[in-house]
Amino acid sequence: MNQVTVLTHLSDPDDRIVDCPAAPMLAGELRRRGVPAVCGVSPEQDRMFAVAVPTDGDAAGLGVAVPGDIEPRLAWKARDVLAGWLSVIGPRTVLLAGPRSFCAGVDRAVEVVRRALRDRGSPVYVRKQIVHNVHVVGELARLGAVFVDDLDEVPRGETVVFSAHGVSPAVRTRAAERELSVIDATCPLVSKVHVEARRFAARGDTVVLVGHVGHEEVEGTQGEAPHAIVLVQDVADVARLRIDDPGKVSYLTQTTLAVDETTDVVDALRARYPHLRGPATDDICYASTNRQESLLAVADEADLVLVIGSVNSSNSVRLVELARRQGTTAHLIDDASDIRSAWLTGVRTVGLTAGASAPEQLVDGVIAALRGLGPVDVVARTTTRETLRFGLPSAAGAS
Ligand code: SF4
């Protein structure tokens, strides 16, 4: 038996049950180090290594149970990992950035799939990830959503949901050819960019789209006017542009870019094309902008910034990059289990935020896990309040 049990609870000398909230972090680190680990309670025949963690509330513990017949190299690794976590026990402050977590577009898209499952039953097909978050996708899959990369994977006549990132007209045409029942969860702020792309292209402009190659939103927007749109990612790309009529150039941006970097790119475009025209209101959406501003309100004071989000979440990755540009060490995590003990060495102040596609309960999970290492003082830093809500598309059962 080579599996280590990371204790979620243990008994104190008076037989009282003590929680071990840091268990997900310890288990994650064990698995990354090649030690099979599950969270649970100690099997009776195992050896147990556990300590009490000083907290400012209920008692907490930290420990592992190791089977007697485990391979010695795994036992050594397990002890090594546990020692790493014991070395970072101590009090901390969490600076909690706000706004964070779900935006109105993500909220709407997730609700669209939930309602489709409720009203139409399983399976409901979803083209691409409905939003870029492994936890959201996993939960909807458990409820009966089937995620596909290509519409050809959807049986003719079935229901398909288009993701929050939008689709090109070619995808809509393909859905019609396959007689699919479409529910469009494209965020209205992405649809706004699509409308601008069509309008700018229709007036004969070359449309420079600032965005990331291969991102689904960019592919959808490019598909609105493929012959008129050219993609640039950075200032160097702007220098390489060759546009036949420099007097007829417009720009658009992906909705989830970093505001500071995009300003540099647009300034470079304006320097090369003085007649450059752009959208009436910024394409970088309110949610991306707000999460970046709230991150800036915590990054300078933090020893470490943790951004909850998945690797393919553009706005989450931008938050990590922004924190690093402020000179603060920052990491992207899907949840508490991604946190490494080494990151916390000498760290007393943690800046914490979540990208627009990451559920708020993951934030609670990270705070709870950190509380398993000692007292945590949570200080909210809210830079603005978000009240925007989008109505559901009628095909999703909006009333
Ligand atoms: S991040 Fe912005 S564009 Fe993307 S879904 Fe949210 S509100 Fe819409």
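Whatever order the structure lists them in is the order used to number ligands and atoms, beginning at 1. One-based numbering along the sequence shown.
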Please determine if D205 and R277 form a salt bridge, counting it only when a charged side-chain N lies under 4.0 Å from a carboxylate O. yes

Test of understanding: with ring pair (Phe, Tyr, Trp, His ring centres under 6.0 Å), list the residues that count as partners of H215, not counting sequence neighbours. H132, H165

Any salt bridge linking R324 with E321? Criterion: basic side-chain nitrogen under 4.0 Å from a carboxylate oxygen. no

Salt bridge or not between R115 and E111? Use side-chain N to carboxylate O under 4.0 Å. yes

When you check the gap from the basic side-chain N to the acidic O, do R291 and E386 get nearer than 4.0 Å? yes

Answer yes or no: is there an ion pair linking D12 with R16, defined by an N-O contact shorter than 4.0 Å? yes

At less than 4.0 angstrom from any non-hydrogen atom of Y286, what atoms of ligand 1 do you find? 7 (S)

Distances under 2.8 Å only: what protein N/O/S atoms are near atom 6 (Fe) of ligand 1, ordered by chain and residue? C103 SG

